[in-house]
Amino acid sequence: MNRTLVKQALEDNLLAERIRIQGWIRTRRDAKSFSFLELNDGSCLKNLQVVVDAGLPDYRRLPEATTGAAVAVEGRLVESQGKGQSREVVADSLEIVGVADQTYPLQKKGHTQEYLRTIAHLRPRTNLFGSVFRVRSRLAQAVHRFFLGRDFVLIHSPIITANDCEGAGELFQVTTRGTPASPAGSDRNFFGQPTYLTVSGQLSAEAFACALSNVYTFGPTFRAENSNTSRHANEFWMIEPEMAFCDLAGNMDLAESFVKYLIQDIRTHCPQELELFQRFVDRELASRLDFVLGNPFKRLSYAEAVAILQRSGKNFQFPVEYGVNLQSEHERYLTEEHFRQPVTVHDYPRDSKPFYMRTNDDGRTVAAMDVLVPGIGELVGGSQREEREDVLRSQFERHGLDSQKYRWYLELRRYGTVPHSGFGLGFERLVMFVTGLANIRDVIPFARTPGSAEF
RNA sequence: UCUGGAGUAGCUCAAUGGUAGAGCAGCUGGCUGUUAACCAGCGGGUUGCAGGUUCAAGUCCUGCCUCCAGAGCCA
């Protein structure tokens, strides 16, 4: 008999049919002559209630049907006599597929997120984390749908790379040295030069944008920073669109449309999950998401942002003057207090930004932009890229970089160069924004953070 | 890496320097179309680790480890 998912049993037109359900027991409530099982298979937030009558031959197996056990049930799907659910299954067979003994750590009552991190292999069996990872999956697919709808081409940029996308943080080196195949001391560069785990697919994406026009990458990236915060992981996923014949304004337009599209998609397709986050994670979630959808992002230049911060009368820990990096407290003030909506800050001073950003006509600023959102801070960072070979060469000098190592990147400017732009969006930060969860460790299946790679 | 906070039963937390406890979970039994079920009973501890002070340390001191929040770096 074919399996029916709990989601189908609850939503599809299957009443009065005999179905087969397979899942994990969330809880069991025994009466004298029958028992109720709550079955969850992860297909949706809700459980399916199963009624097991004591008259069944399989009823003797019931003691093994404890919280956490995997079971397969066959029976008729009927309207429930009870109040808590519309439908239930009246079992005519009960098979214990895999038992869970009394050490099973998930209780019916709530656990803290900190504790669940210590059992990361089991936490997707909770309502909260099941919801988080269904939403994460839906968001990932929405990313592809968004770009597909705009004729962007997906580029699988390399994960092992020789280029250090300068300014993007510390690198993990990739080496065979110190392994049995290549013991320490055998000084061999497997790829003929030092290689690293990628910190960004941007440079690859630029090359492909200068051929296929509109492209994007969506893959894992790695930073060896010893960052110990709720917003940083050493392995995270990034989405990086890159567009030829596109300036900074077009870049900001795309970023705003993109963020709104993704939020709208979850609004439409994951209402049960959002309701759970609203109730148990963040009471402001729904209003914040609606507010983002209903209003244009506030756009202002770095110079205007500095002026607003200086006029704010706030006593910032880091004093504000033109030229300094905007600190977390400044970004938070702009998006959470002053504008109370997403803010796109553009045209930053050149000195604090990486080599590839396009120098503006004033010679002092670059065509960069950051999208700041309440609660998260920087969600998107992007720029128009420097397409003029001579200016790019002088930027290498200014940053003390060896232009020889960027030979192919320079050739993109020599052969048919075009104005082009792109940005990076940290996927986990997006999931955090949409779910309301405050710690990045809780929106990635198995987080990689300093000192932690158990799972 | 810096600043601050916290580590006590499986989980969440109590405990003036003086006999380590509760709720939940688990186990046993009872009861009920139940639904974070309910009622009764039972077991459960190297108080993060290593030193030190003291007649006596979960509690005070020193060092280390881990976790959390914030900061820096960034996405």
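Note that this is a predicted model, so its numbers are computed, not measured. Just so we're on the same page: letters track the sequence lines, and every chain starts at 1.
- For the residue pair Thr66(A) and Gln102(A), no side-chain donor N or O sits within less than 3.5 Å of a side-chain acceptor on the partner.
- Electrostatic pairing of Asp442(A) and Arg123(A) counts as a salt bridge here, judged by a charged N lying under 4.0 Å from a carboxylate O.
- Under the 3.5 Å distance criterion, with hydrogens and angles disregarded, no donor-acceptor pair is assigned to the side chains of Arg223(A) and Thr221(A).
- A salt bridge does not link Glu329(A) to Lys314(A): none of the charged nitrogens lies less than 4.0 Å from a carboxylate oxygen.
- Each of Phe34(A) and Leu106(A) was matched to the nucleotide of RNA chain B holding its nearest heavy atom; the match closer to the 5' end belongs to Leu106(A).
- Residue-to-nucleotide contacts include no donor-acceptor pair under 3.5 Å from the side chain of Ser227(A) to the base of C74(B).
- Contacts of Arg441(A) with the nucleic acid, taken as non-hydrogen atoms under 4.0 Å apart, involve only primed sugar atoms and P, OP1 or OP2.
- A salt bridge between Glu95(A) and Arg61(A) is absent, with no side-chain N of the basic residue lying under 4.0 Å from a carboxylate O of the acidic one.
- RNA chain B contains the following stems of three or more consecutive Watson-Crick or G-U pairs, with both distances under 3.5 Å: B:1-7 with B:65-71, B:10-13 with B:21-24, B:26-30 with B:38-42, B:48-52 with B:60-64.
- Between C73(B), U1(B), C24(B), one nucleotide has an atom nearer to the side chain of Asn228(A) than all others, and that is U1(B).
- On the P atoms, A15(B) is 26 Å away from C67(B), given to the nearest whole Å.
- Proximity note for Glu114(A) (side chain, C-beta onward) versus G72(B), U12(B), C68(B): the nearest is C68(B).
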*Where along nucleotides 34-41 of chain B does protein come under 4.0 Å, by heavy atom, of base (B) or sugar-phosphate alone (S), with - for untouched nucleotides?*
BBBB----
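- Taking the side chain of Asn439(A) as heavy atoms from C-beta on, and the options A69(B), C27(B), A71(B), the nearest nucleotide is A69(B).
- Nearest to the side-chain atoms of Thr229(A) among the listed nucleotides A71(B), C27(B), C68(B) stands A71(B).
- When heavy atoms are screened at a 4.0 angstrom cut-off, His111(A) is found touching the sugar-phosphate backbone but no base atom.
- When distances are taken from the side chain of Gln107(A) to each of C68(B), C24(B), G72(B), the shortest belongs to C24(B).
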